[in-house]
Number of protein chains: 2
Amino acid sequence: MVASSDREDQLKRDRATRNFVTAEDVARLAGVSRSAVSRTFTPGASVSADVRHRVQEAARTLGYRVNRLARSLISDQSNLVGVVGANLSMPFMARQLDELSRALLKRGLQCLLLNAAEAEQGVAPLIELILEFRVRAIVVMSGSPPSSIIDECMANGVRVILVNRQDTDTEADTIISDDLGGARIAAERLLQAGCRRIGVVGSGARTPTQIRRRVAFTDCIEEAGIKPAVWASGETAYETGMAAAKGLLGSHDLDGVFCVTDLLALGFLDGAHGTGRRIPEDLSVIGFDDIPQSAWAPYRLTTVRQSMSDLTGSVLATIEREMHGKAISLVHEVLPVELVERATVRSST
Amino acid sequence: MVASSDREDQLKRDRATRNFVTAEDVARLAGVSRSAVSRTFTPGASVSADVRHRVQEAARTLGYRVNRLARSLISDQSNLVGVVGANLSMPFMARQLDELSRALLKRGLQCLLLNAAEAEQGVAPLIELILEFRVRAIVVMSGSPPSSIIDECMANGVRVILVNRQDTDTEADTIISDDLGGARIAAERLLQAGCRRIGVVGSGARTPTQIRRRVAFTDCIEEAGIKPAVWASGETAYETGMAAAKGLLGSHDLDGVFCVTDLLALGFLDGAHGTGRRIPEDLSVIGFDDIPQSAWAPYRLTTVRQSMSDLTGSVLATIEREMHGKAISLVHEVLPVELVERATVRSST
DNA sequence: GCAAGCTTTGCACACGTGTGCAAAGCTCCC
DNA sequence: GGGAGCTTTGCACACGTGTGCAAAGCTTGC
């Protein structure tokens, strides 16, 4: 016991100049080769039960953890997946990241998160940085990467998956919810409710999702011979929805409004309450996303739901197909959306 | 041009069996040694302007990105920081992750996010996994790691920083908001408002933060000779707050309630509205956290704010001190909180 | 006991980078 | 032109792991 303790102390001193225990340290304590240590920690590799036991004991004693960086060097790839997102505290985005990071871990993948909140030069520099970690894939939840950086990713065998952003001139995979279909659902629902003086609330953000929803809704309403009033300035935030209510309802006698996100809609509802209008009797309001707060008692927002689990499932499926060497062509997936009827839109006329 | 194009094509084929461009590829195209390539991409290393230019041109042509995994192998450390969190879509946690990931990136650190939502064996296995990536530090926002894994981290030179969780028997750094002081503020504010029939709403979660707030508040109220009614079941969610309102207000005629989180308080407020009580005339409600939704028009919740930027700042400061080799003793930091007066607590009696 | 076949082992190399150091190269001054 | 001093360069090694392969070891059947 004394000799054993002295040996362990000596081994620990031997690596004092570096922090982490190496396979070499374990091999010395276990009295085997470094190769045996490696084989013990490599599933399916050949090692005798006796050696395996001695190695595991030594590893436990020393607190050895395989160095994934070194391991990844051999395969030229890590199990990292880069995830680029901004506005991570906004309800919809927070939910998306929650579910995606959960699903990645479940599949043995690790999430390298890059917050694009202050990406003044766009997301390209972030993607360049991610590439240096030899990730398997990159999921872009915010920002629109230029095609040059996407081409570079593809050249390096790294899939880029755009979530809810669609740029038709890139080589990236895209997985989006059916914004056009959702906007049509919203338009039809308002028309069905008898609304004829209609508004649409967006924000100052020039994101593809918001523009797509606003334009599609506007087109549908104009097909019915109505020219909707438009609000499109400010941040994509609750406060903007409230400002839109005061702005639009001060100058228009609207009876139906579509907000391109639920967060805008919740602010709009609170602003509309301040003008004395009754919801939905005087004014119907419909949103898009179905964030948790939309179901809260003061709101009970009627909205178009995009399924977070469908989105996440598609992202993971795309990554896994690539991982299993099944070369696939670009994925362009449009996920269905559905109407969630609550209390902010009148029943049929 | 033709010869140059042929040479580039040949170089690309040479590495066809691996995805990423290496420094060796760049060196061949630029006609220099691989060492020159390395020096070109190492700040402060000696390389002539001519060689530097040729290397950079070749790197751009081939799309070369330094392999951070290999680079980290030399230093036995990456610039990764492990972040462990659960309930990432809850407003408070989402905000914390948003700010932390933003600040890490700003400091040249990368966020390795591990979602602990389904960590049935606690967070220790996640921390073990993180250690394999040779991270610089680990920030734990959810879960209570056992001291054994924390000791292992320390032995490997990895700081573990617990945020808003305090276990006095561990070697981890802890950065928490002043839950005791905040609970005292809430208690005093309700007493000052003249409340004498007081309740406290927690959840079924046995997290240190919630227990601490509930117990501290209860102690303060009992010092005033009042025995508060307690609710402590269900998830830490809006719906639990609503259930607590129905449960407590159905059996108690309360005039003041402290909810240990804002999310519980918002649900409680909506549940209280359903019982016909006026806020704050009949019933004062105070929360803890100051999430964005607390300022929304239907709520305007009076609450105790913990400063997210202070929390994040302390975490980053701790990581950076460690990075700069300034060996410091354990950090135990308690950040001040403050009362945010809105509309849910009566004025003074 | 011996041969055949299977399992296990350690050596030496690879992976992609940074760096110490000796040698080569360059610049400046006398 | 030569010497001194500075800059630059490429070689060879390190970092920590996985693996091909030849050699060693083990097991089974005759």
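- Distance, A:N156 CG to C:dG16 P: 12 Å, rounded to whole Å.
- To the nearest angstrom, C1' of D:dC15 lies 14 Å from CZ of A:F20.
- A straight line from CZ of B:F133 to C1' of D:dG16 spans 15 Å, rounded to a whole angstrom.
- Residues B:V331 and B:R321 meet the side-chain proximity criterion, which asks for heavy atoms closer than 4.5 Å.
- For A:L73 and C:dA14, the CG to C1' distance is 9 Å, given to the nearest whole Å.
- Counting non-hydrogen atoms under 4.0 angstrom, A:S38 reaches a base of the nucleic acid.
- With rounding to whole Å, B:D50 atom CG is found 11 Å from C:dC26 atom P.
- Here the side chains of B:I149 and B:V123 are not in contact, with every heavy-atom distance at 4.5 Å or above.
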What N/O pairs connect the protein and nucleotides 6-8 of chain C at under 3.5 Å? Give each pair on its own line.
unit_1, atom_1, unit_2, atom_2, d
C:dT8, OP2, A:S46, OG, 2.9
C:dT8, O5', A:S46, OG, 3.4

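- Atom-to-atom, CG of B:L62 to P of C:dG16 comes out at 14 Å; the value is rounded to the nearest Å.
- The CZ-C1' distance, from A:R54 to C:dT9, rounds to 12 Å in whole Å.
- Remark: the B:S33 side chain and the D:dG10 base include no donor-acceptor N/O pair separated by less than 3.5 Å.
- Nucleic acid contact for B:T42: sugar-phosphate only, since backbone atoms but no base atoms lie under 4.0 Å from a heavy atom of the residue.
- For the pair B:V32 and B:R134, both in contact range of DNA chain D, the more 5′-proximal nearest nucleotide belongs to B:V32.
- Residue B:S35 places its side chain closer to D:dG10 than to any other of C:dT17, D:dG10, D:dT17.
- For A:S78 against B:L69, the heavy-atom pair with the smallest separation is CB-CD1, 4.2 Å.
- When each of A:V83, A:L311, A:L88, A:V139 is paired with A:Q96, the side chain to side chain contact (heavy atoms under 4.5 Å, CB included) condition holds for A:L311 and for no other.
- One interatomic measurement links the two molecules: CG of A:L69 to P of C:dT17, which rounds to 14 Å at whole-angstrom precision.
- Across all strands, A:R34 comes closer than 4.0 Å to base atoms (heavy-atom distances).
- Here B:R52 lies out of heavy-atom contact (under 4.0 Å) with every strand.
- Taking OG from B:S142 and CG from B:N115, the interatomic distance works out to 8.5 Å, rounded to the nearest 0.5 Å.
- Annotation: side chain to side chain contact (heavy atoms under 4.5 Å, CB included) contacts of A:S309 (sequence neighbours excluded): A:E99, A:S307.
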**Prompt:** B:D25 and B:T22: side-chain hydrogen bond (donor to acceptor under 3.5 Å, both in side chains), yes or no, with the steps?
**Reply:** CA-CA 5 Å; B:D25 304 319; B:T22 67; 3.1 Å; yes

